[in-house]
Amino acid sequence: MIRFLVGRLAMAVPTLIIISIAVFLMMRAIPGDPATAMLGDLATPEMIARLKARMGLDQPLPVQYFVWLGDILTGDFGRSISTGDLVLPLMLERFQISALIVVTAVFLASAVAIPLGMFAAWRQGSAWDLSTVAVSTFLLSLPSFWLGLIILMIFGLRLGWFPVLGTIGMSEGGWTKIAALIMPVLTLLLIEMGAILRMIRASTIEVLRQEYITHARAKGLSEWTVMWRHAFRNAFAPTWTLIGLILGALLGGIAVVETVFTIPGLGRLLVQAIYTRDYPVVQGCILMIAVTYVLLNLLIDMLYPVFDPKVAR
Amino acid sequence: MTLLSVQDLTVEAGAAQVQVVRRLSFDLEPGKILALVGESGSGKTMAARSILGLMPPQLKLAAGRLEFDGIDLAALPAKELSRIRGARIGMIFQEPMTSLNPALPIGRQMEEALRLHLGLSRAECRRKIVTMLERIKMPDPQACLRAYPHEFSGGMRQRIMIASVMLTKPALLIADEPTTALDTLIQHDVLNLMTELAAENGTAVLLISHDLGMVARYAEDVVVMKNGEAVERGKTRTVLATPSHPYTQKLVDALPRRSEGGDRDETPRKPLVQLDAVRVAYPGPTRLIGKSEPKEVVHGVDLTIAEGETLGLVGASGSGKTTIGRAIVGLETVSGGGIRFRGQPIDLTDPATRSDVQIIFQDPFSSLDPRQRIAEIIGEPLKLDRQLTVRARRDRVRDVCDEVGLPQEFLSRLPHQLSGGQRQRVAIARAIVRCPAFVVADEPVSALDMTVQKQILALIRELQDRHGFGCLFISHDLGAVEQVADRVAVIEAGNIVEVGRRDDIFDRPQADYTKRLLDAAMLLSRSFAGAAPAPASA
Amino acid sequence: MNILSRMGIGGWIGGAVALALVVLAVAGSWIAPHDPVALDLRARFAAPGTAGHLLGADEFGRDILSRLIYGARVSILIAIFTVMQAMLVGLTLGILAGYFRGWTDRVISVLNDSALAFPGLLLALGIMAVVGASATAMVIALGFAFAPAVVRVTRATVMSIREKEFVEASRVIGNAEGITMWRHVMPNCIAPLTVLATGMFGWVILAESALSFLGLGVPPPAPSWGNMLAAARPFIQDAPFLIVLPGICISVTLLGVNLLGDALRDIMDPRMQK
C-alpha cells in the first residue's frame with residue numbers, strides 16, 4: 001500500500017518537471033524577447049538591455065531555466081505588467097473563486113448523476129433508462145458558454161432571480177455573492193451531469209453482469225443492499241477517475257463560463273492577460289492550472305484503492 | 001420425501017420466446033447429489049439459476065413448478081424468495097475470479113448471509129466464520145477476514161465461497177460448474193471439500209457440470225440435457241454404463257479413453273527437437289529507476305521429441321508448460337541452455353526451419369485475426385513460398401480444408417461466424433498447410449465442448465499419422481494426453497518430474513506428483529474401477 | 001453492405017447531420033443567400049422571418065443564415081485539419097511507442113503523459129497566447145492539444161493487439177515483423193481510432209467555438225459560431241435570437257457527431273457483421 005502511494009508520488013515528479021520546462025519554453029517562444037514584451041512599445045534599447053541583464057536573459061537557456069524555476073519555487077511569479085501587482089496573491093485570490101465554482105458544480109453533478117445513472121442501469125432498457133440516456137447525450141452536446149447564456153437569459157434577465165453581472169455580485173459578499181455563483185454552478189453542473197451519468201450507467205451495467213452480484217442476490221440480500229454494498233463501490237471506481245479529469249478540464253476551460261457570467265476568476269484573469277499580453281500573469285495562470293490538475297489527479301489516484309483494493313497490491 | 005421437485009420447467013429468452021429450457025423435470029431427495037450434465041448451450045445453468053430466480057433479465061420462467069420443501073418457488077413473491085435464498089438454498093458459482101466482490105474484505109462478504117438470515121451479532125458471526133475457515137484449513141483465519149479476494153488463488157477463493165455458502169447450513173446447495181476453472185489437483189480438493197461439508201450438514205447438492213468423469217465420481221443420480229431438454233435420467237452408474245439415448249452414448253464415447261496401444265511402431269526414431277537444460281525467465285515489472293529481478297519460470301528442462309511422435313507435456317497452470325512450447329517456436333526468449341532441431345541449434349530466422357516449426361494455440365477465438373477471411377488465414381503461410389502460383393496456393397488451401405474436415409463454403413467466412421471447434425480446425429489447417437516437421441499443440445482442446453474435443457483430438461492424431469510430424473502436446477488434462485500421447489512428461493513448477501512411455505506413466509507412475517495428479521484426475525475408467533472413494537453422502 | 005441497416009436511429013441522425021455539414025462546407029457559398037460580411041444597416045437586428053433575412057440580421061445588419069452557413073464551413077474546415085494534424089502526430093508517436101517499446105516507448109510515454117497533464121483547452125490557450133489568434137494558429141494549437149489523446153489510445157491499442165495470439169501466429173508462420181504489423185496489427189487498430197477521430201471532431205468543434213467565444217479563435221469579421229455568440233453577448237436582452245441560433249448549430253453538430261461516434265463503435269466491431 002505504502003509502496004503504491006510512494007510510487008504514484010514519484011511518477012508525478014517527472015510530469016511536473018516537464019510541465020515547468022514546457023511553460024518556460026512557451027514563454028521564451030513568444031515573438032520578441034520577454035524583456036521587450038514586458039516593457040512594452042515605449043521602451044528604449046538601453047532599458048531593454050538593462051532589464052535583460054537583470055532578468056538573466058544573457059545567460060545560456062538551461063541557466064535561465066534554473067534561475068526561473070528557483071523563483072517559481074520560492075513563490076516569486078513576478079509582477080503583472082499591466083497593473084504592477086504581484087502575480088501570486090492575485091492568482092490565489094482569483095483561484096479561490098474558480099475552485100469554489102468548479103468543485104461545487106462537480107460535487108452536485110455527481111450527487112445527482114450517480115443515483116440516477118445507477119437506477120437507470122438497474123432498470124436497463126426501461127423507459128426511465130432510455131430517457132436517461134437521451135438526456136445525458138443531449139447534455140453532452142451543449143456547449144457550456146451557450147447553456148450559460150441561455151440560463152443567464154432566463155434566470156437573470158427574464159425572471160431576474162440572480163444578478164446578471166457577476167463582478168458586481170461578487171464584490172458585495174454574503175447572499176449576493178452566493179446568488180452570483182448559482183448560475184455558473186448550475187451551468188457546469190448540467191454539462192458535467194451528462195458525462196457522469198453516461199459513465200456511471202455504463203460501469204454499473206458492466207458490474208451488474210458480474211457473478212458476485214448474482215452471488216449477493218443468491219445470499220438473499222435485498223436489491224437495495226446489492227446495489228449499495230456490492231455494485232456501488234465497484235461501479236464508482238471508473239467514475240472517480242473521470243471526476244478527476246473533469247475537475248481538471250473544467251479548471252482549464254473555466255474562462256468560458258466566467259466570461260459568460262463576468263465572474264472574476266482565474267480563467268478570466270488568464271484570458272484578459274492574454275488580450276493585454278501580460279506574460280507574467282499568463283505564465284503564472286497556466287502553470288498554476290496545470291500543476292493543480294496534476295496534483296488533483298494524483299490525489300484521485302491515491303484514493304482509488306478505496307474503491308478498488310486490487311491496484312494497491 | 002422429496003426436497004426439490006422440478007416439474008415441466010420451461011425458460012424462455014427474449015421477445016422471440018426461444019425456449020432455453022423445455023419441460024425439464026427432476027426430483028432431488030434430501031442429502032443426495034444430483035447432477036445436471038450437458039454441453040454449453042444445453043440450458044443446464046439457466047435451469048439451475050431459475051430455481052432461485054437468478055436468471056439474466058432477458059430470460060423468464062415461462063411455465064413449470066419448482067417445489068422446494070412443499071413451497072412453489074416459481075409462484076413465490078420476491079420478498080419471500082429472498083428469505084429462502086442463502087438461508088435454505090445456497091449457490092456456488094463457476095468463476096472464482098469474479099464471484100467474490102473485489103472491493104469488500106472476505107469477512108464482510110461471509111457474514112452477510114448469517115447476519116441477514118440468522119440475525120447474529122457481528123461478534124457471533126466472526127466466531128462462526130473463523131471456525132468454518134479453520135474447518136476448511138485456511139491458514140490464518142483471522143487475517144483472512146480482513147483480506148480481499150485478489151489476495152487468494154482461484155482454488156482458495158472457491159473454498160472460501162463454499163465455506164461462506166455452507167455457513168447457514170442450507171438444505172440445498174446448487175453448484176454451477178464449481179471447479180471448471182481450476183487445475184486438476186485443486187478440482188479434486190474443492191469437490192471433496194464440498195461433498196464433505198454437504199454430508200456433514202445433510203445438504204442435498206444439485207451439481208451442474210459438463211464433465212461426465214467428475215459426475216460419475218460424485219453424483220448418484222444424473223440428468224443429461226441437450227438443447228434445453230432432458231434426454232436421459234437415472235442412476236449415474238447405470239446411465240454411464242449403459243447409455244440408451246444416442247446423445248448420451250456420444251457423450252460417454254467422448255470421454256477420454258486410451259487409444260488402443262501398439263498402433264505406433266516401437267522402432268527408435270531420430271530425435272527431432274531436443275531441449276538441453278532450457279531456462280526461461282520473464283523480466284520483472286518495469287520500474288522507473290533500477291531494474292527488478294527477472295522471474296524464472298522454467299528451470300533447466302531437458303526434453304526430446306522424436307520425429308513423428310507425440311510427447312504429452314502435463315502440468316498445472318503456472319507450471320511453465322506453455323512457456324516451454326512457446327520457447328520452441330520462438331515466442332519466448334531462452335535465458336539459458338539451448339534448443340536443437342534435427343541435431344543443430346535451432347535457427348528460426350532460417351525460412352525452412354521457420355516453416356517447419358509451427359504452433360496451435362489454446363484459444364481459437366483469439367488466435368485467428370477477426371478481420372481475415374478463412375481462406376486468407378489458411379493461405380497466409382503459403383504467401384511466403386515465392387514459387388507457388390496464386391492458383392497452386394488456392395488449390396493447396398482447398399486440400400487442407402478437406403483434410404481438416406472443414407466444408408469449402410467456410411473459406412469465404414470470417415472467424416466469428418464459426419463455432420469453436422470449426423475455428424480450431426482452421427488453426428490446425430494454418431499450422432499444417434506447409435507440411436511442418438514439428439507442431440506444438442498448446443492446450444488445443446481445453447476451450448471446447450467434450451464431444452468436439454474428441455473430434456479435434458482424433459483429427460490431430462489422424463493428421464499426424466498421415467504427415468508424420470512430431471508433436472509437443474501441452475495440456476493440463478490427463479484424459480486428453482492419454483488419448484494422443486506416445487510419451488508423457490510431467491512438469492511441476494518449472495521442473496520436469498517424470499518422463500516416460502504413456503502406459504508407464506499412467507499405469508506405473510514413479511514420481512509422487514504424478515501419482516497425485518493421476519489420483520485427482522477424474523478418469524471414468526478409474527471411477528468405475530472403484531479406485532475412487534465412494535460419494536461422500538452415500 | 002448491410003452496414004446501413006445496422007446503424008440504428010442514432011446512427012442515421014448522426015450520419016444525416018454529418019452529411020449536411022459536409023454539404024454546407026462544400027457548397028456553402030452557393031447556398032448562402034447573402035455575403036456573410038456584407039453590411040445592411042437598414043436591417044440591423046431584423047427579427048427572424050423578416051423578408052430577405054430568413055433568420056434575421058445582427059447588429060451590423062449582416063444576414064444570420066449566411067453567417068451560420070459560412071460559420072459551419074469555418075468550423076468544419078478547422079475541425080478537419082485539426083483532427084488530421086492530431087491524428088498524424090498522434091498515430092506516428094503512438095505507433096513508434098507501440099512498435100519499438102523499450103526506451104522509445106518510455107520517453108514518448110513520459111512526455112505524452114505530461115502533455116496530457118494540460119487540460120486540452122488550457123494548452124490551446126497557451127499556444128494561442130504565444131502565436132496570436134488566427135485560424136491557422138487555432139489548427140496548430142488544437143492539433144497539439146488533442147494529439148496526446150491520440151498517442152495514448154494508439155499506443156494502448158497497438159500494445160494490446162500485438163499481444164494477441166493471432167499476431168503471434170503471424171510471427172510463427174514466418175512473417176517479418178513489418179508484415180505482421182501491416183497485415184494484422186494496423187487493420188485491427190483502425191476501428192478504435194476511427195471512433196476516437198469521430199469523437200475528437202466533436203471536441204474540436206466545441207473547443208474552436210469556445211476559443212472563438214473568448215476572442216482567441218477565428219478573428220472577426222469572418223463568421224464562426226463561437227465569435228457570433230461573443231458578438232451577440234451585449235445584445236442578449238434585445239436580440240436573444242442572435243444567441244439562440246448559433247448555439248443550436250453547435251449543439252446539433254455535437255449531438256450528431258456523438259451519435260455517429262456511438263453508432264460507429266458498434267458498426268466497426270467485426271463481431272457485429274452477420
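Hydrogens, waters and symmetry mates are skipped; everything else that's a heavy atom, side chains included, is used. The chains referred to below are lettered A, B, ... by the order of the sequence lines, with proteins before strands, and numbering in each begins at 1.
Taking CD1 from A/I213 and CG from B/L54, the interatomic distance works out to 12.0 Å, rounded to the nearest 0.5 Å. Rounded to the nearest 0.5 Å, atoms CG (B/L52) and CZ (A/R217) are 12.5 Å apart.
For B/I89, the part lying under 4.5 angstrom from a heavy atom of chain A is the backbone only. In this structure, the portion of B/L104 lying under 4.5 Å from any heavy atom of chain A is its side chain and not its backbone. In this structure, the portions of A/R229 lying under 4.5 Å from any heavy atom of chain B include both its backbone and its side chain.
Checked for salt-bridge contact, A/E211 and B/R157 miss the test: no charged N lies under 4.0 Å from a carboxylate O.
Of the listed residues (B/Q94, B/M161, B/R108), the greatest number of heavy-atom pairs within a distance under 4.5 Å of chain A belongs to B/M161. Per-residue counts of heavy-atom pairs under 4.5 Å with chain A were compared for B/L100, B/T98, B/N101; the largest is that of B/N101. The candidate from B/G53, B/A78, B/S99 with the greatest count of non-hydrogen atom pairs under 4.5 Å with chain A is B/S99.
In this structure, A/A218 and B/M91 approach most closely via the heavy-atom pair CB-CB, 4.1 Å. Between B/P102 and A/Y212, the shortest heavy-atom contact is CD-CE2, 3.3 Å. Contact record, A/R233 with B/A103: NH1-O, 3.6 Å, taken as the closest heavy-atom pair. Heavy atoms only, all atoms of each residue included: B/Q109 and A/K219 are closest at O-NZ, 2.7 Å.
Judged purely by distance below 3.5 Å, without hydrogens or angles, the side chains of A/H230 and B/E112 pair a donor atom with an acceptor atom.
A donor-acceptor contact shorter than 3.5 Å is absent between the side chain of B/K79 and the backbone of A/S222.
Counting heavy-atom neighbours within 6.0 Å of B/K169 NZ, excluding the residue itself, gives a total of 12 or less.
No side-chain heavy atom of A/L221 sits less than 4.5 Å from a side-chain heavy atom of B/S82.
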